[in-house]
Trainee: 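What follows is a structure written as structure tokens; I'll ask about it next.
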Amino acid sequence: MPASPRVSLGWRSIRRPLVALVAAIALTSCLNLNVDQPADQPSDPATETFDPSLNINISTMQRTPSGVYYKDGPLGSGTPLTGLGTVVVTFVAYLKNAVVFQQGVGVQTTLANEILGLREGLQGMRPGGERLLVIPSALAFGSSSGSVPPNSTVIYDIILVSIP
């Protein structure tokens with residue numbers, strides 16, 4: 001007598017969804033975007049604590065009139081950036097707890113399309129120059145949500161590769 005087929009809704013039918021759920025929970029616990037900022041108040045970098053790995057000391061940084069903090073690394077050479085034209089940059093963008101939320105190498109962008117803090121923070125840089133920017137939420141992503149929690153200070157370690 002031939003063996004009868006087994007109909008089973010046991011382990012095999014739930015294994016893939018279960019593995020996906022466990023992986024999602026594990027990833028969520030590793031990628032902690034919680035930056036402890038009230039959702040209804042803009043951030044103020046001067047009053048915040050930054051992860052030590054970011055090496056940010058606000059008291060040693062310069063501040064623009066609107067509130068972007070910056071510190072120059074190598075200065076680069078050539079004509080300084082002025083205006084909101086096209087630039088090529090390499091960057092890593094962090095939250096204050098050192099979580100990377102964005103990065104790029106050789107990214108061409110038009111500054112008019114970027115957040116206000118980047119527009120302002122890149123002014124005066126020369127090609128090849130590197131700058132650390134600490135941008136308050138009001139000049140970054142504000143209270144909008146997405147990959148950045150509402151009212152989060154953001155940090156950019158950015159190199160101005162060229163001004164095409």
Side-chain angles (χ1 to χ4, degrees), residues 24 26-164:
L27 180 61
T28 302
S29 66
C30 291
L31 184 62
N32 179 8
L33 294 179
N34 181 7
V35 293
D36 300 325
Q37 181 65 34
D40 61 345
Q41 294 181 348
S43 67
D44 179 2
T47 64
E48 294 181 292
T49 302
F50 297 90
D51 188 278
S53 67
L54 295 172
N55 295 316
I56 293 175
N57 181 349
I58 290 292
S59 67
T60 64
M61 299 179 83
Q62 297 180 358
R63 184 181 183 274
T64 67
S66 66
V68 175
Y69 291 86
Y70 66 97
K71 184 172 187 173
D72 284 318
L75 296 177
S77 60
T79 305
L81 176 66
T82 59
L84 300 177
T86 301
V87 295
V88 177
V89 295
T90 294
F91 70 96
V92 179
Y94 303 90
L95 298 174
K96 70 180 186 177
N97 60 1
V99 169
V100 174
F101 69 88
Q102 190 177 31
Q103 57 188 335
V105 175
V107 176
Q108 182 169 322
T109 187
T110 302
L111 285 179
N113 297 332
E114 297 298 333
I115 60 173
L116 292 173
L118 277 177
R119 292 182 205 172
E120 183 176 317
L122 290 173
Q123 297 304 307
M125 287 186 72
R126 298 173 187 273
E130 183 173 2
R131 188 171 278 177
L132 183 65
L133 300 172
V134 179
I135 305 172
S137 63
L139 301 173
F141 301 100
S143 61
S144 65
S145 61
S147 62
V148 176
N151 290 309
S152 294
T153 293
V154 294
I155 297 98
Y156 282 82
D157 186 351
I158 193 161
I159 297 169
L160 179 59
V161 176
S162 66
I163 306 169

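What you see below is based on every heavy atom in this structure, not just the backbone, and it leaves out hydrogens, waters and symmetry mates. All figures in this text were calculated on a predicted structure; none of them were measured in a lab.
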Trainee: Do the non-hydrogen side-chain atoms of Lys71 and Asn57 ever get within less than 4.5 Å of each other?
Mentor: no
Trainee: Got a donor-acceptor contact below 3.5 angstrom from the Ser137 side chain to the Ser43 backbone?
Mentor: yes
Trainee: So which heavy atom on Pro136 is nearest to which on Gly67, and how close?
Mentor: CD-O, 3.3 Å
Trainee: Any side-chain heavy atom of Ile56 sitting closer than 4.5 Å to one from Tyr69?
Mentor: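 No; the side chains remain at least 4.5 Å from each other.
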Trainee: Apply side-chain hydrogen bond (donor to acceptor under 3.5 Å, both in side chains) to Ser53 and list each qualifying residue two or more places apart in sequence or on a separate chain.
Mentor: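 Counting only residues at least two positions away or on another chain, Ser53 forms a side-chain hydrogen bond (donor to acceptor under 3.5 Å, both in side chains) with Asp51.
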Trainee: Which heavy atom of Ile58 sits nearest a heavy atom of Val134, and at what distance?
Mentor: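 Nearest heavy atoms, Ile58 then Val134: CD1-CG1, 4.0 Å.
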Trainee: Provide the closest heavy-atom pair for Val161 versus Pro127 in the form atom of the first, atom of the second, distance.
Mentor: O-CB, 3.8 Å
Trainee: How long is the straight-line distance from CD1 of Ile115 back to CD1 of Ile135, given to the nearest 0.5 Å?
Mentor: 4.0 Å
Trainee: For residues 118-130, which residue pairs qualify under side-chain hydrogen bond (donor to acceptor under 3.5 Å, both in side chains), counting only residues two or more places apart or in two chains?
Mentor: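 Listed by first then second residue: Thr64-Glu120, Ser66-Glu120.
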Trainee: With a 4.5 Å cut-off on side-chain heavy atoms, are Ile158 and Leu118 touching?
Mentor: yes
Trainee: Indicate the ring-plane relationship of Tyr156 and Phe101, choosing parallel, tilted or perpendicular according to the 30° and 60° boundaries.
Mentor: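 Rings of Tyr156 and Phe101: perpendicular, over 60°.
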Trainee: Please check: side-chain N/O of Thr110 versus main-chain N/O of Thr86, any donor-acceptor pairing under 3.5 Å?
Mentor: no
Trainee: Taking atom CD of Glu114 and atom CG of Leu84, what is their separation to the nearest 0.5 Å?
Mentor: 10.5 Å
Trainee: Check Val87 against Pro164 and note the closest heavy-atom contact, atom names and distance.
Mentor: CA-CD, 3.9 Å
Trainee: Once you round to the nearest 0.5 Å, how far does CG of Asn97 lie from OG1 of Thr49?
Mentor: 12.0 Å
Trainee: Given Ile155, which partner from the list Val100, Leu133, Leu132 fulfils the side chain to side chain contact (heavy atoms under 4.5 Å, CB included) test?
Mentor: Leu132
Trainee: Do Gln102 and Ser147 have side-chain N/O donor and acceptor atoms under 3.5 Å apart?
Mentor: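 No, because no side-chain N or O of Gln102 sits under 3.5 Å from a partner of the opposite role on Ser147.
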Trainee: Let me confirm one number: the CZ-CG distance from Arg131 to Leu75, rounded to the nearest 0.5 Å.
Mentor: 8.5 Å
Trainee: Ignoring hydrogens, what is the shortest heavy-atom contact between Phe141 and Ser144? Give both atom names and the distance.
Mentor: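 Looking at all heavy atoms of both residues, the closest pair is O-OG, 2.6 Å.
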Trainee: Decide side-chain contact (heavy atoms from CB on, under 4.5 Å) for Val68 and Leu139; before the verdict, give the C-alpha distance in whole Å, the side-chain angles of both, and the deciding distance to 0.1 Å.
Mentor: CA-CA 8 Å; Val68 175; Leu139 301 173; 3.6 Å; yes
